[in-house]
*Asks:* 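Take a look at this one; I'll ask things after.
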Amino acid sequence: SVLHQSYENFEFLIIDNGSTDDTKHILEEYRDLDPRIHLTRFEDNKIGYRAVKFAANTATGEYITNIDSDDWFESDFLESMLTFVCENELDIAATGSYFVDEDGKLLGKRNLPNKLILPSAQFAESYPYYHAFYRTIWGKLVRTCIFQRYHYDDIQIKYGGDTYCAFLWLRAASRMGVTNQILHHYTIRKNSSSYLYDPARFDSDITLYHHAVDFLSSYGPVSSKNRKFITIVYANAIQDTLNVIANSSLAPVEKLLEYRH
């Protein structure tokens, strides 16, 4: 889906994060066919901010976008998003997403009925309207100079790093927007890390809650509307964590200890 974009002037940074199947050779074949592909392989499979850090250190374009290996773009993703950011002088832009299962069946979608364009002075008051689109690093364009401002080695959060990074970028933005188009497809997998037990998950939810409060506080006192909104967001996150613990392979006593935590 990247190589079939209607806008063709891009560089495609592919990171092979320690694959153990035939991925390495398939990627090398694609690289040899298309000079826009810049392939990097790491022999060890390391979770964290490796891809984000690598892109920040390597990318030469004016904007950066991210796509996971099991997701795909509409063919006009780059063209539409670049038009959107240029016409509205945006530092960051997000698009809607279709959510599909591993068989390609549509499970739902996330989109706005109308375009949303905001200067930084309105980031706090409009927080509930764009939060869902800015809690991920995928499905958006970020101005490269903003992407490169941060040292990703300093980020300690283990779970929910997408949200942490996206709101770091937003702090540095003067204008942002969400288009009313749906240009991105996201695959939901049963073995995704979102559904796997991790002892750091609950602590990460708390960190993200305080990160949201700190973000909103940078624009003045946090309104009761926003306080209620983020409380609901992270109450739902805690509920998801409890469900993950319930479905984990932990022994009953270990589950009880996690519930108590």
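Atom set for the values below is all heavy atoms of this structure, side chains included, hydrogens, waters and symmetry mates excluded.
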*Asks:* With a sphere of 6.0 Å drawn around NE2 of His261, does it hold more than 12 non-hydrogen atoms of other residues, nucleotides or ligands?
*Replies:*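 Atom NE2 in His261 is crowded, with more than 12 foreign heavy atoms closer than 6.0 Å.
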*Asks:* Could you tell me whether a side-chain N or O of Asp214 sits under 3.5 Å from a main-chain N or O of His210, the two making a donor and an acceptor?
*Replies:*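 No, because the side chain of Asp214 does not come within donor-acceptor range (under 3.5 Å) of the backbone of His210.
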*Asks:* Measure the spacing between CG of Leu118 and OG of Ser126 and express it to the nearest 0.5 Å.
*Replies:*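 These two atoms lie 4.5 Å from each other.
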*Asks:* Please check if the distance between the ring centroids of Tyr219 and Phe215 is under 6.0 Å.
*Replies:*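 Ring centroids of Tyr219 and Phe215 are less than 6.0 Å from each other.
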*Asks:* Tell me, please, whether Phe99 has Lys109 positioned over its six-membered ring: NZ or CZ under 6.0 Å from the ring centre and within 45 degrees of its axis?
*Replies:*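 Not flagged: Lys109 not positioned over aromatic ring of Phe99.
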*Asks:* Report the residues that fulfil side chain to side chain contact (heavy atoms under 4.5 Å, CB included) with Ser248, sequence neighbours left out, ordered by chain and then residue number.
*Replies:*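 Side chain to side chain contact (heavy atoms under 4.5 Å, CB included) list for Ser248, sorted by chain: Tyr197, Leu250, Lys255.
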*Asks:* Hey, is the main chain of Ala166 close enough, under 3.5 Å, to the side chain of Lys140 for a donor-acceptor pair?
*Replies:*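 Answer holds: no.
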*Asks:* Quick check: Tyr234 with Phe202 (ring centres under 6.0 Å apart)?
*Replies:*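 Centroid separation for Phe202 and Tyr234: 6.0 Å or greater.
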*Asks:* Tell me if the aromatic rings of His211 and Phe167 count as close, with their centers under 6.0 Å from one another.
*Replies:*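 Between Phe167 and His211, which both carry aromatic rings, the centre distance is not below 6.0 Å.
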*Asks:* Hey, is Glu29 close enough to Arg31 for a salt bridge, meaning N to O under 4.0 Å?
*Replies:*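 So Glu29 does not pair with Arg31 through a salt bridge.
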*Asks:* Run the salt bridge (Lys or Arg N to Asp or Glu O under 4.0 Å) test against Glu11 and tell me which residues pass, sequence neighbours left out.
*Replies:*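 In terms of salt bridge (Lys or Arg N to Asp or Glu O under 4.0 Å), with neighbours along the sequence ignored, Glu11 is linked to no residue.
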*Asks:* I'd like to know if the side chain of Tyr150 reaches the main chain of Leu168, judged simply by a donor and an acceptor atom lying under 3.5 Å from each other, with no hydrogens or angles considered.
*Replies:*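 Indeed, once roles are kept as given, a pair shorter than 3.5 Å links the two residues.
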*Asks:* Would Lys24 and Asp16 pass as an ion pair if we require N to O under 4.0 Å?
*Replies:*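 No.
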*Asks:* Calculate, to the nearest 0.5 Å, the distance between atoms OH and CG belonging to Tyr259 and Leu242 respectively.
*Replies:*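 The distance works out to 6.5 Å.
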*Asks:* Apart from Val2 itself, what residues make up its hydrophobic cluster when side-chain heavy atoms of I, L, V, M, F, W and Y under 4.5 Å apart count as a link, directly or indirectly?
*Replies:*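 Cluster partners of Val2: Leu3, Tyr7, Phe10, Phe12, Ile14, Ile26, Leu27, Tyr30, Ile37, Leu39, Tyr63, Ile67, Phe73, Phe77, Leu78, Met81, Leu82, Phe84, Val85, Leu90, Ile117, Leu141, Leu183.
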*Asks:* Got a salt bridge between Asp68 and Arg189, using NZ or NE/NH1/NH2 to carboxylate O under 4.0 Å?
*Replies:*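 Here Asp68 does not pair with Arg189 in a salt bridge, since their nearest N and O are not under 4.0 Å apart.
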*Asks:* Kindly compute the distance separating CG (Asp91) from SG (Cys145), expressed to the nearest 0.5 Å.
*Replies:*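 Reported to 0.5 Å precision, the distance equals 7.0 Å.
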*Asks:* May I ask you to decide if Gly61's main-chain N or O and Thr144's side chain share a donor-acceptor pair within less than 3.5 Å?
*Replies:*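 Flag set: sc Thr144 to bb Gly61 pair under 3.5 Å.
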*Asks:* Working note: Arg201 + Asp240, criterion side chain to side chain contact (heavy atoms under 4.5 Å, CB included); need CA distance, chi angles, decisive distance, verdict.
*Replies:* CA-CA 10 Å; Arg201 180 171 178 144; Asp240 288 343; 3.8 Å; yes
*Asks:* Quick check: closest heavy atoms across Lys225 and Pro128, and the distance to 0.1 Å?
*Replies:*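 In terms of heavy atoms, the two residues are closest at CE-CG, 4.3 Å.
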*Asks:* Does Asp32 have any side chain to side chain contact (heavy atoms under 4.5 Å, CB included) partners at least two apart in sequence or in another chain, and if so, which?
*Replies:*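 Asp32 satisfies side chain to side chain contact (heavy atoms under 4.5 Å, CB included) with no other residue.
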*Asks:* Does a side-chain N-to-carboxylate-O contact under 4.0 Å join Asp103 and Lys105?
*Replies:*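 Looking at Asp103 and Lys105, the cut-off is not met.
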*Asks:* Counting distance only, does the side-chain N/O of Thr95 pair as donor-acceptor with the main-chain N or O of Gln181 below 3.5 Å?
*Replies:*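 Yes; judged by distance alone, with no hydrogens or angles, the pair exists.
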*Asks:* Identify, with sequence neighbours excluded, every residue that meets salt bridge (Lys or Arg N to Asp or Glu O under 4.0 Å) alongside Glu87.
*Replies:*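 By the salt bridge (Lys or Arg N to Asp or Glu O under 4.0 Å) rule, Glu87 matches no residue at all.
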*Asks:* Would you check, one step at a time, whether the test side chain to side chain contact (heavy atoms under 4.5 Å, CB included) holds for Tyr159 with Ile157?
*Replies:* CA-CA 6 Å; Tyr159 179 87; Ile157 186 172; 5.5 Å; no
*Asks:* Taking Ala124's backbone N and O only, do any of them form a donor-acceptor pair with Asn226's side chain (distance below 3.5 Å, no angle check)?
*Replies:*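 A pair under 3.5 Å: yes.
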*Asks:* Can a donor-acceptor pair be found between the side chains of Glu79 and Ser6 at a distance below 3.5 Å?
*Replies:*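 Checked: Glu79/Ser6 side chains pair up, N/O donor to acceptor below 3.5 Å.
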*Asks:* Going by the rule side chain to side chain contact (heavy atoms under 4.5 Å, CB included), which residues pair with Val233 if we only count those two or more places apart in sequence or in a different chain?
*Replies:*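 His131, Arg135, Phe229.
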*Asks:* Would you compute the distance between atom OG1 of Thr163 and atom CG of Leu170 and round it to the nearest 0.5 angstrom?
*Replies:*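 Spacing of OG1 (Thr163) from CG (Leu170) equals 12.0 Å.
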